[in-house]
Number of protein chains: 2
Amino acid sequence: MSIAAAALDVRQASRFFKALGDETRLRIVALLSHGELCVCHFEAALGLSQPNASRQLGVLRSAGLVESRREGSWVYYRLAPQLDELSRQQLQALVAAFSRREVIKQDVERLLATRGPDSCR
Amino acid sequence: MSIAAAALDVRQASRFFKALGDETRLRIVALLSHGELCVCHFEAALGLSQPNASRQLGVLRSAGLVESRREGSWVYYRLAPQLDELSRQQLQALVAAFSRREVIKQDVERLLATRGPDSCR
DNA sequence: TCACGACATTCGAATATTGTTATGTCGGTA
DNA sequence: TACCGACATAACAATATTCGAATGTCGTGA
């Protein structure tokens with residue numbers, strides 16, 4: 001299946017949009033545009049319970065929006081390199097647009113406040 | 001609220017994506033890229049029951065994705081001119097990408113077959 | 001006025017999604 | 001080995017979404 005064809009699969013596209021159809025997950029995506037983050041960062045920046053943060057990240061992962069890797073005790077999440085051009089463009093436009101929103105700005109502030117050398121305590 | 005600001009409202013964006021997070025509604029949007037259509041066209045082209053077609057169109061309308069106008073007995077739907085640049089770009093990219101999919105092609109074939117002079121009988 | 005067609009809405013059952021609490025898993029460390 | 005912290009998963013109740021069947025609304029034409 002070509003890259004272009006993958007981009008256009010209707011079922012895949014609906015999963016992609018469904019995953020983005022939630023405020024919390026949109027805010028997670030916005031934070032991830034600042035780079036790799038572990039679960040505890042989302043808990044702190046977005047005020048999520050640990051299981052909830054984990055589950056929302058799981059939704060984004062099954063939709064192919066993010067990837068994760070383990071490093072010691074921590075699991076780091078990052079935006080997945082999108083398989084298709086459509087998803088890539090959508091995500092990029094979204095992140096660029098969101099960076100100006102007040103809600104998102106505050107999320108980022110809280111993020112930076114908790115991302116020092118001792119970030120995950 | 002400026003155009004750019006409207007584009008970036010997190011709640012609004014989540015509604016937008018949520019409305020697109022469904023195969024049927026994605027196919028409706030794809031069909032609408034061919035121009036204004038009335039409810040009976042969606043019933044025929046997508047094999048939807050009348051109440052279901054009406055309801056899905058209602059979801060797209062409350063999310064600001066489509067607009068409608070009545071003409072005699074029929075109600076015509078069209079893609080709404082998006083208030084914000086982000087939504088506009090997302091929709092345009094989506095529609096362009098979908099036009100090549102097999103599922104969508106077949107939808108369009110069925111659409112054209114039922115869109116003659118006696119389209120709504 | 002009545003009947004009909006096109007569409008919208010309501011209702012109810014099935015299903016899916018949500019967030020919390022409790023528990024399980026896996027690395028790191030003693 | 002045992003314990004602890006970070007994260008994932010399970011189980012549950014609350015809520016939301018889904019679709020079909022039935023019903024309501026509105027415009028048209030007799």
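Every chain is numbered from 1, with letters handed out A, B, ... down the list of sequences.
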Mind calculating the distance between [atom1] ([X]) and [atom2] ([N]) to the nearest angstrom?
X	N	atom1	atom2	answer
Ile28(A)	dT18(C)	CD1	P	11 Å
Leu57(B)	dA6(C)	CG	C1'	13 Å
Asp22(B)	dT17(C)	CG	P	11 Å
Glu23(B)	dT17(D)	CD	P	19 Å
Arg15(B)	dA16(D)	CZ	P	14 Å
Glu71(B)	dG27(D)	CD	P	14 Å

Between Tyr77(B) and dA8(C), does any side-chain N or O lie under 4.0 Å from OP1 or OP2?
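Yes, such a contact exists.
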Quick one: is dT17(C) close enough that its OP1 or OP2 comes under 4.0 Å of any side-chain N or O from Lys18(A)?
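Yes, because at least one side-chain N or O of Lys18(A) sits under 4.0 Å from OP1 or OP2 of dT17(C).
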Ionic contact status for Arg61(A) with Glu67(A), cut-off 4.0 Å
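Between Arg61(A) and Glu67(A) there is no salt bridge, as every charged N stays at least 4.0 Å from the carboxylate O atoms.
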Just to be sure I understand the rule, does [X] reach a base, reach only the sugar-phosphate, or reach nothing, if contact means heavy atoms closer than 4.0 Å?
X	value
Gln56(A)	sugar-phosphate
Arg69(A)	nothing
Phe42(B)	nothing

Between Gly72(A) and Arg70(B), which has a closest nucleotide on DNA chain C that is more 5'?
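This one resolves to Arg70(B).
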If you only use heavy atoms from C-beta on, which nucleotide in dA8(C), dC7(D), dT18(D) is closest to the side chain of Arg25(B)?
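For the Arg25(B) side chain, the nearest candidate turns out to be dT18(D).
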Which nucleotide sits closest to the side chain of Ser73(A): dC7(D), dC7(C), dG28(C)?
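From the listed options, dG28(C) comes nearest.
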Could you pull out the closest heavy-atom pair between Arg25(A) and Lys18(A), with the gap in Å?
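Smallest heavy-atom distance, with atoms named: NH2-O, 3.6 Å.
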Which atom of Trp74(B) lies closest to which atom of Cys38(B), heavy atoms considered
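Nearest pair, atom of Trp74(B) first, then Cys38(B): CD1-SG, 4.0 Å.
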Val29(B) backbone acceptor or donor facing Arg27(B) side chain under 3.5 Å:
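Absent.
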Specify the residues of residues 47-55 of chain A, ordered by number, for which at least one heavy atom lies under 4.0 angstrom from an atom of DNA chain D.
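Those residues are Gln50(A), Pro51(A), Ser54(A).
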Taking the six-membered ring for Trp, are Phe42(A) and Tyr77(A) parallel (under 30°), tilted (30 to 60°) or perpendicular (over 60°)?
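Because their plane-to-plane angle is over 60°, the rings of Phe42(A) and Tyr77(A) count as perpendicular.
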Kindly compute the distance separating CG (Leu48(A)) from OG (Ser54(A)), expressed to the nearest 0.5 Å.
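If I round to the nearest 0.5 Å, the distance is 11.0 Å.
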Does some side-chain heavy atom of Leu26(B) sit less than 4.5 Å from a side-chain heavy atom of Ser14(A)?
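Contact flag for Ser14(A)/Leu26(B) side chains = yes.
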